[in-house]
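First the structure, in the form of structure tokens, and then the observations on it.
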Amino acid sequence: MMYTVFFIGTAGSGKSTLVSALSNWLEDQGFDVGVVNLDPAAEYLPYVPDIDVRDRISARRIMKQFKLGPNASIVAAVDMMVTEAERIKEEMEVVGAPIFLIDTPGQMELFAFRQSGAYLIQRLSDVHSLVVYVADAVYMQTVDGFATTMLLALSSRIRFKKPQIVAVNKADLLSEEATVTINNWVEDPEALLESLDMPQYEKEVLRSVANMGGFVEPVFVSAKTGEGLDRLYHKLQMHYTGGEDAQ
Ligand code: GTP
């Protein structure tokens with residue numbers, strides 16, 4: 001049985017660093033972990049992937065060959081990756097790790113909000129698959145940042161139709177007070193709505209989202225210091241096995 005965990009998030013939220021930190025952490029705990037890079041435009045990766053889409057499809061090469069801009073070349077690369085899905089899946093089976101962490105392209109909209117991105121996730125998913133939505137702690141500590149992060153995480157949930165964990169990364173840059181404030185907004189959305197300067201109808205939309213459980217309790221992590229990786233693992237474990245170790 002294979003457990004696949006996809007990391008989705010806005011550019012620079014720390015997906016690659018978190019994949020690296022969590023894979024090291026899991027290995028330290030004795031787990032056999034596979035890592036897949038699905039970012040065709042990555043210039044540098046903080047981990048050594050078992051499978052790297054850039055071996056076959058590189059946004060940089062496409063940019064030169066077809067004289068495309070940086071975003072158009074990533075869009076073209078992600079579309080081309082669809083034809084590689086079967087092969088990537090076979091390679092994952094050859095690697096044979098029980099858990100795979102899958103890093104996705106930097107700009108989430110080029111992946112999440114296109115047909116090919118959702119197709120790739122469906123194709124590479126096993127029975128047990130889940131999305132970690134990686135949010136940026138610094139951005140999330142403002143009222144607007146919190147509200148829009150929750151809406152983006154919701155969009156990602158609608159898009160991928162997978163169980164999802166919201167990981168607030170870069171927690172090392174948050175004061176204790178800011179962490180408490182964010183948790184309060186999750187528990188008491190009215191406090192957040194009061195401090196939002198926006199038209200009434202926008203507040204009503206947010207209120208509905210919050211009341212329907214759209215403001216999910218996040219897990220605070222730092223890919224840099226390793227803080228919270230145990231909590232993230234615990235959440236993953238609860239989703240996959242109801243608490244049993246995924247060995
Ligand atoms: P792209 O794929 O390039 O869009 O980014 P990404 O989401 O994969 O982010 P990446 O891992 O490249 O990290 C972006 C920046 O945030 C880097 O400078 C990281 O060193 C930094 N970073 C990542 N995680 C943390 C963290 O937990 N704390 C702090 N302070 N910085 C972090």
Side-chain angles (χ1 to χ4, degrees), residues 3-31 33-39 42 44-47 49 99-108 111-112 128-142 145-157 160 162-187 214-241 243 245-246:
Y3 298 97
T4 43
V5 187
F6 296 88
F7 290 75
I8 306 281
T10 49
S13 55
K15 298 177 286 297
S16 305
T17 317
L18 188 55
V19 165
S20 170
L22 186 63
S23 66
N24 288 335
W25 187 89
L26 287 167
E27 276 167 7
D28 287 349
Q29 308 295 311
F31 289 96
V33 191
V35 181
V36 180
N37 170 47
L38 284 189
D39 184 355
Y44 159 79
L45 290 178
Y47 53 83
I99 310 168
F100 272 92
L101 306 185
I102 305 187
D103 195 6
T104 65
Q107 287 103 317
M108 97 175 240
F111 186 73
H128 299 285
S129 61
L130 171 151
V131 168
V132 172
Y133 181 84
V134 185
D136 190 312
V138 177
Y139 177 63
M140 207 172 173
Q141 64 188 330
T142 64
F146 175 89
T148 49
T149 297
M150 285 300 174
L151 292 177
L152 262 181
L154 175 63
S155 296
S156 155
R157 255 191 326 274
F160 296 122
K162 296 273 169 213
Q164 183 173 279
I165 292 169
V166 176
V168 179
N169 187 37
K170 308 189 188 177
D172 56 292
L173 301 177
L174 274 188
S175 65
E176 206 166 308
E177 198 188 348
T179 311
V180 169
T181 304
I182 293 172
N183 278 327
N184 283 346
W185 289 335
V186 173
E187 278 166 27
F215 287 5
V216 293
E217 188 190 343
V219 52
F220 292 88
V221 295
S222 167
K224 196 170 172 182
T225 66
E227 170 193 342
L229 292 175
D230 51 345
R231 287 193 296 269
L232 177 57
Y233 169 68
H234 185 67
K235 284 224 175 199
L236 291 170
Q237 200 188 16
M238 292 308 282
H239 270 282
Y240 283 141
T241 63
D245 266 351

Does a side-chain heavy-atom distance below 4.5 Å link [X] with [Y]?
{"X": "Phe7", "Y": "Leu22", "value": "yes"}
{"X": "Thr148", "Y": "Tyr139", "value": "yes"}
{"X": "Leu236", "Y": "Ile165", "value": "yes"}

Ignoring hydrogens, what is the shortest heavy-atom contact between [X] and [Y]? Give both atom names and the distance.
{"X": "Thr149", "Y": "Ala135", "value": "CG2-CB, 3.5 Å"}
{"X": "Tyr233", "Y": "Leu26", "value": "CD1-CD2, 3.5 Å"}
{"X": "Ala167", "Y": "Leu18", "value": "CB-CD2, 4.4 Å"}
{"X": "Ile8", "Y": "Ser156", "value": "CG2-OG, 4.3 Å"}
{"X": "Gly9", "Y": "Met108", "value": "O-CB, 3.2 Å"}
{"X": "Pro218", "Y": "Val168", "value": "CB-CG2, 3.4 Å"}

Side chain to side chain contact (heavy atoms under 4.5 Å, CB included) between Tyr133 and Val216: does it pass, once the steps are laid out? CA-CA 11 Å; Tyr133 181 84; Val216 293; over 6 Å; no

I need the [X] [atom1] to [Y] [atom2] distance, nearest 0.5 Å.
{"X": "Glu217", "Y": "Ile182", "atom1": "CD", "atom2": "CD1", "value": "12.5 Å"}
{"X": "Arg157", "Y": "Leu152", "atom1": "CZ", "atom2": "CG", "value": "11.0 Å"}
{"X": "Phe6", "Y": "Phe100", "atom1": "CZ", "atom2": "CZ", "value": "10.5 Å"}

Within 6.0 Å of NZ in Lys235, more than 12 heavy atoms from elsewhere: yes

With sequence neighbours left out, write down each residue that passes side chain to side chain contact (heavy atoms under 4.5 Å, CB included) with Ala42, or none if nothing qualifies. Asn37, Asp39, Leu45, Arg54

Applying side chain to side chain contact (heavy atoms under 4.5 Å, CB included), can you list everything that pairs with Thr179, at least two apart in sequence or on another chain? Leu174, Asn183, Phe220

Gln164 side chain vs Leu130 backbone, donor-acceptor pair below 3.5 Å: no

Could you tell me which residues satisfy side chain to side chain donor-acceptor pair (under 3.5 Å) with [X], sequence neighbours excluded, listed by chain and number?
{"X": "Gln107", "result": "Asn71"}
{"X": "Thr225", "result": "Ser222"}
{"X": "Ser129", "result": "Ser125, Lys162"}

Candidate pair Met150 and Met140, rule side chain to side chain contact (heavy atoms under 4.5 Å, CB included), full reasoning: CA-CA 9 Å; Met150 285 300 174; Met140 207 172 173; 3.8 Å; yes

Residue list, ring-ring contact (aromatic ring centres under 6.0 Å, His included) with Phe146, at least two apart or on another chain: Trp185, Phe215

Residue pair Tyr3, Phe31: steps toward the ring-ring contact (aromatic ring centres under 6.0 Å, His included) verdict: CA-CA 12 Å; Tyr3 298 97; Phe31 289 96; 9.7 Å; no

Which residue pairs satisfy the salt bridge (Lys or Arg N to Asp or Glu O under 4.0 Å) criterion with at least one member in residues 169-185, sequence neighbours excluded? Asp136-Lys170

For Ile102 and Val5, what are the C-alpha separation, side-chain angles and deciding distance, and is it a side chain to side chain contact (heavy atoms under 4.5 Å, CB included)? CA-CA 6 Å; Ile102 305 187; Val5 187; over 6 Å; no

Would you mind listing every side chain to side chain donor-acceptor pair (under 3.5 Å) that reaches into residues 10-21, with sequence neighbours excluded? Ser16-Asp103

